[in-house]
Colleague: 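There's a structure below that I have some questions on.
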Amino acid sequence: MIEYIRGELTELTPALAVVEAAGVGYALNISLNTYTALQGRKEVKLHVHESLVTGGRDDSFSLYGFASRQERELYRMLITVSGVGANTARMILSASSPSELCNIIANGDEKMLKGVKGIGLKTAQRIIVDLRDKIVASGIAQELHVSTEPSSAVDAAVRDEAVSALTMLGFPPAPSAKVVVSILKEQPELPVEQVVKLALKQIK
């Protein structure tokens, strides 16, 4: 089992980080929170969750990387909930910071969870019921020290990177681009991670 990967960050997008360690480049799926934490860094350490999907036509093996153990623990909690898969859990962690998510679940805020693409009322209620006590007992909220400082980028770069991130998360490029452009017209100074967070709540 891979616990973490430490090495040189050779590629970074809002949905993927490539870390070279001992001559091997590891592609890790990441959340927007981890993307923000990795901004401007060359040497990084990512806590790893390994995902092996079997039983289909082709087996698949994926790595998920997290800037903190706490975010990885929240991810692992989320995927234990019925109806929450790997990609949905990543979108939940992209729509809210780990500390915000802890508060949302602890306070039973169904509305905030329903704002995430793919989360309906029943799934939101299930997340709260299944995880509220676990999060309180784990002490994750007290341990979290998450940076939410936005990164700067030119508008065209923000647009292209946001659309790319949404496409990698499984949304069609055309509707994604339409929503991203609409958001940037209203708030042109937003960094890419904030644009994607807003888009996740608007794409139909």
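In what follows, every heavy atom counts, from backbone to side chain, and hydrogens, waters and symmetry copies are set aside.
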Colleague: So Ile30 and Arg90, do their side chains get closer than 4.5 Å, heavy atoms only?
Modeller: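 A side-chain contact is absent here, since even the closest heavy-atom pair is not under 4.5 Å.
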Colleague: Say you draw a straight line from CG of Asn87 to CE of Met168; how long is it, rounded to the nearest 0.5 Å?
Modeller: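 That separation rounds to 10.0 Å.
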Colleague: Is there side-chain contact between Leu169 and Leu200, with at least one heavy-atom pair below 4.5 Å?
Modeller: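 In short, these two side chains touch, coming nearer than 4.5 Å.
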Colleague: Taking only residues two or more places apart in sequence, or in another chain, which ones meet Ser31 in a side-chain hydrogen bond (donor to acceptor under 3.5 Å, both in side chains)?
Modeller: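 By the side-chain hydrogen bond (donor to acceptor under 3.5 Å, both in side chains) rule, Ser31 matches Glu71.
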Colleague: Let me confirm one number: the CD-CD distance from Glu161 to Glu193, rounded to the nearest 0.5 Å.
Modeller: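 Here the interatomic distance stands at 9.0 Å.
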Colleague: With a 6.0 Å cut-off (strictly less than), is the heavy-atom count around CE of Met77, excluding the residue itself, greater than 12?
Modeller: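 Atom CE in Met77 is crowded, with more than 12 foreign heavy atoms closer than 6.0 Å.
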Colleague: Quick one: are Leu190 and Val158 in side-chain contact, heavy atoms under 4.5 Å?
Modeller: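 Leu190 does not reach Val158 side chain to side chain.
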Colleague: Quick one: are Ile127 and Leu78 in side-chain contact, heavy atoms under 4.5 Å?
Modeller: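 Sidechains of Leu78 and Ile127: in contact.
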Colleague: Taking only residues at least two apart or on different chains, which pairs with a member in residues 98-129 satisfy ring-ring contact (aromatic ring centres under 6.0 Å, His included)?
Modeller: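 Non-adjacent pairs meeting ring-ring contact (aromatic ring centres under 6.0 Å, His included): zero.
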Colleague: Could you check whether any side-chain heavy atom of Asn33 comes within less than 4.5 Å of a side-chain heavy atom of Ser94, counting everything from C-beta outward?
Modeller: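 A side-chain contact under 4.5 Å is absent here.
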Colleague: Counting only N and O atoms by type, is there a donor-acceptor contact under 3.5 Å from the side chain of Thr36 to the main-chain atoms of Leu32?
Modeller: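 Yes, the answer is positive, given that a donor and an acceptor are paired below the 3.5 Å cut-off.
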Colleague: What's the separation between atom CD in Glu43 and atom CG in Leu38, rounded to the nearest 0.5 Å?
Modeller: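 Here the rounded value is 12.0 Å.
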Colleague: Show the numbers, then the answer: is there a side-chain contact (heavy atoms from CB on, under 4.5 Å) between Arg76 and Thr80?
Modeller: CA-CA 7 Å; Arg76 287 175 170 172; Thr80 66; 5.9 Å; no
Colleague: Tell me the closest heavy-atom pair linking Val116 and Ala95, and the distance in Å.
Modeller: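 Here Val116 and Ala95 meet closest at CG2-CB, 3.7 Å.
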Colleague: Which residues pass the ring pair (Phe, Tyr, Trp, His ring centres under 6.0 Å) test with Tyr26, not counting sequence neighbours?
Modeller: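 Per chain and number, Tyr26 pairs via ring pair (Phe, Tyr, Trp, His ring centres under 6.0 Å) with no residue.
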Colleague: Do Leu113 and Ile128 have side-chain heavy atoms sitting under 4.5 Å apart?
Modeller: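 In short, these two side chains touch, coming nearer than 4.5 Å.
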Colleague: For the residue pair Leu12 and Ala17, what are the closest heavy atoms and their distance?
Modeller: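 Scanning both residues completely, I find the closest heavy atoms to be CD1-CB, 4.0 Å.
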Colleague: Which heavy atom in Asn29 sits nearest to a heavy atom in Ser62, and how many Å separate them?
Modeller: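 Looks like ND2-CB, 3.9 Å.
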Colleague: Looking at Ser82, is its backbone amide N or carbonyl O close enough to the side chain of Arg126 to form a donor-acceptor pair, meaning the two atoms are under 3.5 Å apart?
Modeller: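 Checking the backbone N and O of Ser82 against the side chain of Arg126, a donor-acceptor pair under 3.5 Å is found.
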Colleague: Residues two or more places apart in sequence or in another chain: which of them pass side-chain contact (heavy atoms from CB on, under 4.5 Å) with Leu121?
Modeller: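 Counting only residues at least two positions away or on another chain, Leu121 forms a side-chain contact (heavy atoms from CB on, under 4.5 Å) with Glu110, Lys114, Gln125.
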Colleague: Could you check whether any side-chain heavy atom of Leu63 comes within less than 4.5 Å of a side-chain heavy atom of Ser51, counting everything from C-beta outward?
Modeller: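 Heavy-atom side-chain distance check fails, nothing below 4.5 Å.
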Colleague: List the atom of Ala89, the atom of Ile79, and the distance in Å for their closest heavy-atom pair.
Modeller: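 So the minimum-distance heavy-atom pair works out to CB-CG2, 3.7 Å.
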Colleague: Scan for ring-ring contact (aromatic ring centres under 6.0 Å, His included) pairs involving residues 69-94, sequence neighbours excluded, and state none if there are none.
Modeller: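 Every ring-ring contact (aromatic ring centres under 6.0 Å, His included) pair that includes a residue of residues 69-94, provided the two are not neighbours, is His49-Tyr75, Tyr64-Tyr75, Phe66-Tyr75.
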Colleague: Would a distance-only check, ignoring hydrogens and angles, find a side-chain to backbone donor-acceptor pair under 3.5 Å from Glu100 to Ser97?
Modeller: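 Side chain of Glu100 to backbone of Ser97, a donor-acceptor pair under 3.5 Å: yes, one is there.
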Colleague: For Thr88, give me all partners under side-chain contact (heavy atoms from CB on, under 4.5 Å), at least two apart in sequence or on another chain.
Modeller: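 Only Val84, Ile92, Ile119 meet the side-chain contact (heavy atoms from CB on, under 4.5 Å) criterion with Thr88.
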Colleague: Begin from the C-alpha positions of Glu3 and Arg72 and carry the test salt bridge (charged side-chain N to carboxylate O under 4.0 Å, His left out) through to its verdict.
Modeller: CA-CA 11 Å; Glu3 174 62 21; Arg72 181 178 64 181; 2.6 Å; yes
Colleague: Indicate yes or no for a side-chain donor-acceptor contact from Ser96 to the backbone of Leu101 under 3.5 Å, with no hydrogens or angles considered.
Modeller: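 Flag not set: sc Ser96 to bb Leu101 has no pair under 3.5 Å.
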Colleague: Would you find more than 12 non-hydrogen atoms of other residues, nucleotides or ligands less than 6.0 Å from Lys45 atom NZ?
Modeller: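 Check passes, neighbour count above 12.
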Colleague: Output the distance between atom CG (Leu9) and atom CZ (Arg41), rounded to the nearest 0.5 Å.
Modeller: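 If I round to the nearest 0.5 Å, the distance is 8.5 Å.
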Colleague: Show the numbers, then the answer: is there a side-chain contact (heavy atoms from CB on, under 4.5 Å) between Arg6 and Val19?
Modeller: CA-CA 7 Å; Arg6 187 198 302 273; Val19 180; over 6 Å; no
Colleague: Measure the CD1-CG distance between Ile104 and Asn107 for me, rounded to the nearest 0.5 Å.
Modeller: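 Ile104 atom CD1 to Asn107 atom CG measures 9.0 Å (nearest 0.5 Å).
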Colleague: Are Leu16 and Leu28 close enough that some pair of their side-chain heavy atoms sits under 4.5 Å apart?
Modeller: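 SC-SC contact between Leu16 and Leu28 ruled out.
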Colleague: How long is the straight-line distance from CD of Gln194 back to CD of Gln187, given to the nearest 0.5 Å?
Modeller: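 The CD atom of Gln194 is 9.0 Å from CD of Gln187, to the nearest 0.5 Å.
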